[in-house]
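Reading through the structure tokens given below for one structure.
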Amino acid sequence: MAEDRIIVFFDLETTGLDTSSCDIIQVAAVYEENVFNKYTLPRQAMTPSAKQVTGFTVRPDGLFLHDKPVETVPLTEVLNSFISFLRSFRRPVLLAAHGAKRFDAPVLTRVLRRHSLLQQFQQVVSGFLDTFLLSKHLYPRLSRHSQEYMVQHFLRMSYNAHNALEDARMLQKLYKRWSPNNGDILCSSFRGVGCFY
DNA sequence: TGCCAGGCCCTCTTTAGGGCCTT
């Protein structure tokens with residue numbers, strides 16, 4: 001991992017939990033005060049549990065979040081502008097998400113590959129950091145390691161969980177509170193999934 | 001009618017089961 005790499009915290013909201021088939025609805029990321037946040041209209045219906053958890057609904061007239069209309073852009077535009085956002089820092093990026101290994105990285109990689117953007121992505125992103133694995137590594141005795149629990153436990157805050165932007169912001173706060181060393185980060189990082197090597 | 005995600009980890013384990021975690 002390059003010494004001068006930065007860690008960008010990100011989160012996805014999707015139509016469900018099946019990483020092999022779900023559609024992305026929201027991509028959000030933060031690096032310090034820099035923010036990326038875009039929504040896109042999924043091609044498929046949301047699972048009932050995803051609808052309940054995220055508050056998103058897909059209607060004939062567009063995407064709604066808690067019954068308020070949300071501005072969407074085509075998925076290709078979301079992905080291209082996300083890569084541009086990451087490239088703008090002009091340093092290798094380690095992308096961090098809670099559960100990145102199991103969920104966010106496989107979904108993002110699959111969608112990037114489908115849009116022939118994986119190679120461009122790889123030129124900017126050196127790997128992923130899974131803060132779920134990191135929290136288990138740092139605090140193995142805690143009974144739970146969900147992001148919502150971690151935020152309550154370490155930051156004594158409740159927040160708008162399951163909105164990708166708020167999740168990414170809180171993850172950055174948590175990371176700063178934890179202050180992991182390079183060894184901790186390496187233990188919880190991976191280069192990619194599938195052909196992302 | 002019965003299916004409906006799936007990998008990881010723990011233990012009352014390994015010839016298994018169940019909870020956690022992500023949406």
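Lettering follows sequence order; numbering is per chain, from 1. Below, each value reflects all heavy atoms present in this structure, side chains not excepted, and no hydrogens, waters or symmetry copies.
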Contacts of Phe82(A) that satisfy ring pair (Phe, Tyr, Trp, His ring centres under 6.0 Å) - sequence neighbours left out = Phe36(A)
ask   = For the residue pair Phe154(A) and Tyr139(A), does the interplanar ring angle fall in the parallel (under 30°), tilted (30 to 60°) or perpendicular (over 60°) class?
value = tilted
Aromatic ring proximity, centroids under 6.0 angstrom, Tyr31(A) and Phe85(A) = no
request  = Provide, to the nearest angstrom, the distance between the CZ atom belonging to Phe190(A) and the C1' atom belonging to dG7(B).
outcome  = 13 Å
What are the atom names and distances for every N/O pair under 3.5 Å that joins the protein to nucleotides 20-23 of chain B?
from, atom 1, to, atom 2, distance (Å)
dC21(B), OP1, His145(A), N, 2.3
dC21(B), OP1, Ser146(A), N, 3.2
dC21(B), OP2, Arg144(A), NE, 3.3
dT22(B), OP1, Gln147(A), N, 2.9
dT23(B), OP1, Asp11(A), OD1, 3.2
dT23(B), OP1, Asp11(A), OD2, 3.3
dT23(B), OP2, His162(A), ND1, 3.1
dT23(B), O3', Glu13(A), OE1, 2.6
dT23(B), O3', Thr14(A), N, 2.9

inquiry  = Between dT15(B) and dC3(B), how far apart are the two P atoms, rounded to whole Å?
reply    = 25 Å
query = For atom P, what is the distance between dG19(B) and dG2(B), given to the nearest Å?
reply = 22 Å
task = State which residues pass side chain to side chain donor-acceptor pair (under 3.5 Å) with Arg102(A); sequence neighbours excluded, sorted by chain then number.
result = none
request  = Could I get the full list of ring pair (Phe, Tyr, Trp, His ring centres under 6.0 Å) partners for Tyr175(A), not counting sequence neighbours?
outcome  = Phe9(A)
query = What distance, rounded to whole Å, do you find between the two C1' atoms, one in dT14(B) and one in dC9(B)?
reply = 13 Å
ask   = With Glu33(A), which residues qualify under salt bridge (charged side-chain N to carboxylate O under 4.0 Å, His left out), at least two apart?
value = none
inquiry  = Rounded to whole Å, how long is the line connecting atom NE2 of His137(A) with atom P of dC8(B)?
reply    = 18 Å
query = Taking only residues two or more places apart in sequence or in another chain, which ones pass ring pair (Phe, Tyr, Trp, His ring centres under 6.0 Å) with His153(A)?
reply = Tyr149(A)
request  = Taking atom C1' in both dT23(B) and dA5(B), compute the distance separating them and give it to the nearest angstrom.
outcome  = 11 Å
Ser20(A) vs Leu133(A), nearer the 5' end of DNA chain B by closest nucleotide = Ser20(A)
query = dC12(B) and dG18(B): how far apart are their C1' atoms, nearest whole angstrom?
reply = 11 Å
key: Within residues 62-78 of chain A or reaching into it, pairs that qualify as side chain to side chain donor-acceptor pair (under 3.5 Å) - sequence neighbours excluded   = Arg59(A)-Asp67(A)
key: With sequence neighbours excluded, residues passing side chain to side chain donor-acceptor pair (under 3.5 Å) with Asp18(A)   = Ser20(A), Ser21(A)
inquiry  = Rounding to an integer number of Å, can you tell me how far Lys101(A) NZ sits from dG7(B) P?
reply    = 13 Å
note = Within residues 58-78 of chain A, those residues having any heavy atom closer than 4.0 Å to DNA chain B are none
